[in-house]
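For reference, the structure discussed in these notes is given below.
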Amino acid sequence: MAEIVRVSKKSIKKAASIIREGGLVAFPTETVYGLGANAFNPVAVAKIFEVKRRPYFDPIIVHIADPGEIGRLCLEVNNRAKILIERFWPGPLTLVLPKSDVVPDIVTAGLETVAMRMPSHITALELIREANVPIAAPSANLFGYLSPTTAEHVAEQIGKEIDLILDGGKTLVGVESTVLDLSGEPTILRPGGLPIEDIEKVIGKVEVCVISQKPRSPGQLRRHYSPRTPLKILKDKKFDILEGVKAGFLSFTPIKNKSPFKKIEVLSASGNLQEAAANLFSCLHNLDKGGLDIIYVEPVPEIGLGKAIMDRLRKAEGIKNPGANSSELDNNCVLGVKS
Ligand code: TXA
Ligand code: MG
């Protein structure tokens with residue numbers, strides 16, 4: 001089992017030397033925990049894919065601690081990128097640009113582009129600076145499963161197979177970065193911690209391409225970010241649970257009638273979308289451990305961070321529950337719920 005150490009100058013030094021020597025370290029960012037390796041070491045990056053059981057077609061984000069580094073990693077930093085970096089880095093925005101030769105192919109899964117981000121979490125920044133190399137890091141979870149927002153989530157999923165977990169407490173933003181492809185016309189590949197509206201205020205309208213038959217970005221797969229328990233997004237708050245069905249409920253705000261549910265998690269006491277995003281994966285982890293047959297979910301308003309939350313929830317609903325995207329939605333009794 002990997003050692004779990006609280007963040008300190010000493011533990012960051014230790015983590016940095018593990019990274020430099022080709023090992024794997026889980027570390028906090030402002031969005032979710034990342035599983036980091038030296039981005040310039042293809043063997044270390046290959047270990048990330050093994051540990052996560054991640055398909056090799058899924059490219060990894062390169063994390064840097066200085067915006068100037070981007071010039072080395074990509075061929076050309078276009079104007080839109082410059083403006084967005086100036087405005088939003090460090091922070092939960094990942095930019096995709098044509099890659100330079102210094103980035104190993106395994107990092108980008110053979111694509112001609114590289115995804116880069118400068119996190120705002122002080123521990124992440126100190127780790128990158130101390131390691132003195134860019135850090136390739138996907139979220140520190142098994143492929144397709146819920147992302148980790150605490151060191152415990154990391155330990156439960158992949159703790160046995162990595163070298164160290166830096167424990168910086170619960171992450172603040174709670175959903176992954178927004179991925180914006182700037183290699184052509186600006187296209188959102190994944191809504192995330194930076195609201196799309198904020199980006200559009202700076203560079204104008206962007207295309208949003210989050211589900212694709214032939215994904216440019218595997219975050220676009222129809223099913224992803226998924227608990228093991230089937231999950232269903234409700235259309236309204238009125239429902240009855242059929243007898244014998246152990247149902248859980250993920251509620252946006254506190255609810256009065258708790259009786260039909262075996263377990264309830266509330267995203268935000270005050271209906272605040274930032275708080276809801278920060279709690280999303282923790283609440284889903286808790287429900288998934290609750291021995292439930294199904295998790296019902298109350299939708300959140302699709303503005304600002306609400307878009308990233310609903311994106312994750314729809315993908316968690318995914319193909320496990322084919323009713324989600326078909327007329328079966330109107331026949332809720334099949335799934336143990338009556339509208
Ligand atoms: O907030 C985050 O972004 C977290 C923290 C650790 O930084 N990282 C994260 O990484 O969520 P990951 O690997 O779980 O998701 C990265 C997404 C994937 O959907 C991947 O396909 C996409 O970014 N991506 C990476 N490189 C890409 C590229 N060159 N072109 C298109 N999509 C890319
Ligand atoms: Mg991920």
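Residue numbers count from 1 along this sequence. Read the numbers this way: they start at 1 and go in the same order the structure lists the ligands and their atoms.
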Would R314 and E302 pass as an ion pair if we require N to O under 4.0 Å? yes
Check each of T31, V107, T187 against atom 5 (C) of ligand 1 and report the one with the nearest heavy atom. T31
Looking only at heavy atoms of R54, does any of them come nearer than 4.0 Å to an atom of ligand 1? yes
Answer yes or no: is there a donor N or O on one side and an acceptor on the other, between the side chain of K232 and the main chain of E317, under 3.5 Å? no
Answer with yes or no whether the side chains of T31 and R117 bring together a donor and an acceptor at under 3.5 Å. yes
Distance under 4.0 Å to a non-hydrogen atom of V96: what atoms of ligand 1 satisfy this? 30 (N)
Counting both backbone and side chain atoms, is some N or O of E176 under 3.5 Å from an N or O of ligand 1? no
Within the distance-only criterion (no hydrogens, no angle test), does the side chain of E112 pair as donor or acceptor with the backbone N or O of P98 below 3.5 angstrom? no
Do you see a donor-acceptor pair shorter than 3.5 Å between the side chains of R190 and S177? yes
Can an N or O of R190 be found at a distance shorter than 3.5 Å from an N or O of ligand 1? yes
Can you name the atoms of ligand 1, numbered from 1 with element, that are less than 4.0 Å from a heavy atom of A115? 25 (C), 26 (N), 27 (C), 29 (N)
Side chains of S270 and N272: donor-acceptor distance under 3.5 Å anywhere? no
Test ring pair (Phe, Tyr, Trp, His ring centres under 6.0 Å) on F49 and Y56; report intermediate values, then the result. CA-CA 7 Å; F49 285 92; Y56 282 91; 4.8 Å; yes
Please determine if D311 and K315 form a salt bridge, counting it only when a charged side-chain N lies under 4.0 Å from a carboxylate O. yes
Polar proximity ligand 1 side, K52 side, N/O cut 3.5 Å exclusive: no
Ignoring hydrogens, just give me the one of A26, P59, G34 whose non-hydrogen atom is nearest atom 28 (C) of ligand 1. P59
Take the Mg ion (ligand 2) as the centre and count protein N, O or S atoms at distances under 2.8 Å. 1
What do you reckon, does T94 have a nitrogen or oxygen under 3.5 Å from a nitrogen or oxygen of ligand 1? no
So for T108, does at least one of its heavy atoms come nearer than 4.0 angstrom to any atom of ligand 1? no
Heavy-atom contacts with S139 under 4.0 Å: which atoms of ligand 1 show up? List them by number with element. 8 (N), 9 (C), 10 (O), 12 (P), 14 (O)
Heavy-atom contacts with L189 under 4.0 Å: which atoms of ligand 1 show up? List them by number with element. 31 (C), 32 (N)
Test your reading of the model: is there a side-chain donor-acceptor pair from S251 to the backbone of F249, 3.5 Å cut-off? no
Which atoms from ligand 1 have a heavy atom of H63 less than 4.0 Å away? 5 (C), 6 (C), 7 (O)
Is any NZ, NE, NH1 or NH2 atom of the basic residue among E130 and K13 found under 4.0 Å from an Asp or Glu carboxylate oxygen of the other? yes
Donor-acceptor contact below 3.5 Å, side chain S100 vs main chain L73: yes
For the pair N279 (side chain) and C283 (backbone), establish whether a donor and an acceptor sit closer than 3.5 Å, ignoring hydrogens and angles. no
Check ligand 1 against L111 and write out every atom of the ligand that is under 4.0 Å from a heavy-atom position of the residue. 28 (C), 29 (N), 30 (N)
Polar atom proximity, T29 to ligand 1 (N or O, under 3.5 Å): no
Polar side-chain atom of K47 near backbone of G22 as donor-acceptor pair, under 3.5 Å: yes
